Amino acid sequence: MRIAVPRGALMREALDLLDVLGIDTAEVRSNDRKLLFEESGLITMRPSDVPTYVESGAADIGITGKDVLAEHPERDVYELLDLGFGRCRMVFATVDGEDPAAEALRRLGSMRIATKYPNMASAYFEKTGRQVEIVEVKGSVELAPLTGMVHGIVDLTATGTTLRENGLVIREEISVATARLIANPVSYRVKAAEIDAVVEKLRGA
Ligand SMILES: Nc1ncnc2c1ncn2[C@@H]1O[C@H](COP(=O)(O)OP(=O)(O)OP(=O)(O)O)[C@@H](O)[C@H]1O
Ligand SMILES: O=P(O)(O)OC[C@H]1O[C@H](OP(=O)(O)OP(=O)(O)O)[C@H](O)[C@@H]1O
């Protein structure tokens with residue numbers, strides 16, 4: 001079985017869980033440039049690429065954040081288990097003080113919002129009846145309102161440090177995300193016993 005493992009924030013705890021399954025993660029832990037580990041069946045990648053590899057069948061199962069899955073609901077993967085770790089919140093934030101986004105809405109009838117999650121952000125503001133123009137950025141989203149490029153951001157926060165260090169405050173909480181175990185639908189049928197055994201072990205872990 002081939003398993004897609006997220007690098008970055010989710011990696012250490014994902015590998016700890018794979019240890020529970022009896023998979024040897026030592027080589028992955030000791031080599032942060034190599035990507036495919038033939039013996040253990042592990043392939044490592046950015047969390048946002050995990051559903052792509054799992055949907056294509058290049059990996060049978062994988063671990064990624066709920067936020068990644070929510071941004072791309074069209075991906076044909078099964079979500080099997082909430083793994084509990086990697087907990088963070090998707091929030092709407094602006095600079096501290098008088099809310100520039102509310103002000104823009106009043107003045108212009110619309111606000112500019114920077115995010116790495118354009119689909120989730122659009123859906124949220126549509127649901128709450130506000131007109132927005134989404135500016136997609138690839139990272140360090142907190143910079144966008146500080147430069148005057150946008151009136152607010154939609155981004156993930158865990159400790160709140162990045163928001164605080166950049167003078168931003170949470171105005172609204174949109175959702176909570178944790179790491180999820182996902183599977184390729186065909187793999188799930190063909191390797192049902194093996195994948196069910198993984199789910200049971202991880203549920204107990
Ligand atoms: N404090 C946090 N900030 C952002 N993401 C977090 C945090 N805590 C846990 N996560 C989870 O980790 C994932 C992001 O991990 P990481 O920051 O390593 O990726 P990235 O470098 O942003 O890569 P990608 O291009 O896939 O977004 C998120 O999708 C989320 O599920
Ligand atoms: O609330 P905190 O604990 O400070 O964590 C939140 C920060 O972490 C993430 O960024 P990441 O390090 O993934 O970099 P990025 O902004 O380039 O995606 C997220 O996008 C926030 O910027």
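Start at 1 and go down the list; that is how both ligands and their atoms are numbered. Just so we're clear, the structure is a prediction, and the values are computed from it rather than from any experiment.
Using a cutoff of 4.0 Å between basic side-chain nitrogens and carboxylate oxygens, Arg29 and Asp16 are scored as salt-bridged. Between Glu79 and Lys66 there is a salt bridge, since a side-chain N of the basic residue sits under 4.0 Å from a carboxylate O of the acidic one. Ion pairing of Glu38 with Arg2 is present here, as a side-chain N (NZ or NE/NH1/NH2) and a carboxylate O approach within less than 4.0 Å.
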Inset, instruction - Apply side chain to side chain contact (heavy atoms under 4.5 Å, CB included) to the pair Asn184 and Asp60, showing each step before the final yes or no. - result: CA-CA 5 Å; Asn184 173 275; Asp60 298 300; 5.5 Å; no
Inset, instruction - In sequence, state the C-alpha distance, the side-chain angles, and the governing distance for Leu10 and Leu83, and then conclude on side chain to side chain contact (heavy atoms under 4.5 Å, CB included). - result: CA-CA 11 Å; Leu10 299 175; Leu83 298 169; over 6 Å; no
Legend entry - side chain to side chain contact (heavy atoms under 4.5 Å, CB included) evaluation trace for Leu35 with Met45: CA-CA 7 Å; Leu35 302 169; Met45 62 197 67; over 6 Å; no
Inset, instruction - Kindly indicate, with the supporting measurements, whether the criterion side chain to side chain contact (heavy atoms under 4.5 Å, CB included) is fulfilled by Ile195 and Ser187. - result: CA-CA 8 Å; Ile195 294 178; Ser187 299; 4.2 Å; yes
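Considering backbone and side-chain N/O of Arg46, one or more are found under 3.5 Å from N/O of ligand 1. Taking any N or O of Ser48, backbone or side chain, at least one lies under 3.5 Å from an N or O belonging to ligand 1. For ligand 1, one of its N or O atoms has an N or O atom of Ala9 under 3.5 Å away. Ligand 2 has no nitrogen or oxygen under 3.5 angstrom from a nitrogen or oxygen of Val141. Between Lys66 and ligand 1, no pair of N/O atoms sits closer than 3.5 Å. In terms of polar-atom proximity, Ala158 is counted as a contact of ligand 2, with an N or O under 3.5 Å from an N or O of the ligand.
With respect to atom 22 (O) of ligand 2, the closest heavy atom belonging to the protein is Glu142 OE2, 2.6 Å. The protein atom (non-hydrogen) at minimum distance from atom 3 (N) of ligand 1 is Leu156 CB, 4.1 Å. Remark: minimum distance from atom 19 (O) of ligand 1 to any protein heavy atom is reached at Pro47 CG, 3.6 Å. For atom 9 (C) of ligand 1, the nearest non-hydrogen atom of the protein is Gly86 O, 3.4 Å. Among protein heavy atoms, the minimum distance from atom 9 (C) of ligand 2 is reached at Leu156 O, 4.8 Å. Atom 28 (C) of ligand 1 has its closest protein heavy atom at Asp67 OD2, 3.3 Å. Atom 14 (O) of ligand 2 has Ser140 N, 4.9 Å as its closest protein atom, hydrogens excluded (heavy atom only). At the shortest separation from atom 8 (O) of ligand 2 among protein heavy atoms lies Thr162 OG1, 4.5 Å. For atom 10 (N) of ligand 1, the closest heavy atom belonging to the protein is Cys88 SG, 3.7 Å.
Between Asp82 and Gly84 the shortest heavy-atom distance is OD1-N, 2.9 Å. In this structure, Val5 and Ala14 approach most closely via the heavy-atom pair CG1-CB, 4.4 Å. Between Glu173 and Val91, the shortest heavy-atom distance links the atoms CA-CG1, 4.3 Å.
At a distance under 4.0 Å, a protein heavy atom can be found next to atom 2 (P) of ligand 2. For atom 6 (C) of ligand 2, the nearest protein heavy atom lies under 4.0 Å away. For atom 20 (O) of ligand 2, the nearest protein heavy atom lies under 4.0 Å away. The nearest protein heavy atom to atom 16 (O) of ligand 2 is closer than 4.0 Å. When distances from atom 12 (O) of ligand 2 to the protein are checked, no heavy atom turns up under 4.0 Å.
Atoms of ligand 1 found under 4.0 Å from any heavy atom of Gly8, numbered from 1 in the order shown, are 18 (O). The contact set between ligand 2 and Thr161, taken as ligand atoms under 4.0 Å from a residue heavy atom, comprises 1 (O), 4 (O). Contact atoms of ligand 1 toward Ala158: 1 (N) (distance under 4.0 Å to a heavy atom of the residue). For ligand 1, the atoms closer than 4.0 angstrom to any heavy atom of Val68 are 29 (O). Interface of Leu10 with ligand 1, defined as ligand atoms under 4.0 Å from a residue heavy atom, comprises 11 (C), 12 (O). The contact set between ligand 1 and Gly65, taken as ligand atoms under 4.0 Å from a residue heavy atom, comprises 31 (O). Here is the list of ligand 2 atoms found below 4.0 Å of a heavy atom in Gly139: 16 (O), 17 (O).
Within 6.0 Å of OH in Tyr53 there are 12 or fewer heavy atoms belonging to other residues, nucleotides or ligands. Around atom CZ of Arg87, no more than 12 heavy atoms belonging to other residues, nucleotides or ligands sit under 6.0 Å away. Other residues, nucleotides and ligands place more than 12 heavy atoms under 6.0 Å from the CD atom of Glu136. Within 6.0 Å of CD in Glu74 there are more than 12 heavy atoms belonging to other residues, nucleotides or ligands.
Under a 4.0 Å heavy-atom criterion, Lys116 is in contact with ligand 2. Contact analysis leaves Ala177 out of contact with ligand 1, as no non-hydrogen atom separation drops below 4.0 angstrom. Heavy-atom distances between Lys116 and ligand 1 reach below 4.0 Å in at least one pair.
Membership of the apolar cluster around Leu156 extends to Met90, Phe92, Leu105, Met111, Ile113, Tyr117, Met120, Tyr124, Phe125, Val132, Ile134, Val154, Ile174, as traced through chained side-chain contacts below 4.5 Å between ILVMFWY residues.
For the residue pair Thr128 / Arg130, a side-chain donor-acceptor distance below 3.5 Å is found, with atom types taken as modelled. For Thr159 and Arg164, the side-chain atoms include no donor-acceptor pair closer than 3.5 Å.
Residues Leu181 and Val77 do not share a hydrophobic cluster, clusters being chains of Ile/Leu/Val/Met/Phe/Trp/Tyr side chains in contact below 4.5 Å.
By the criterion of a heavy-atom distance under 4.0 Å, the side chain of Asp155, and not its backbone, is placed next to ligand 2.
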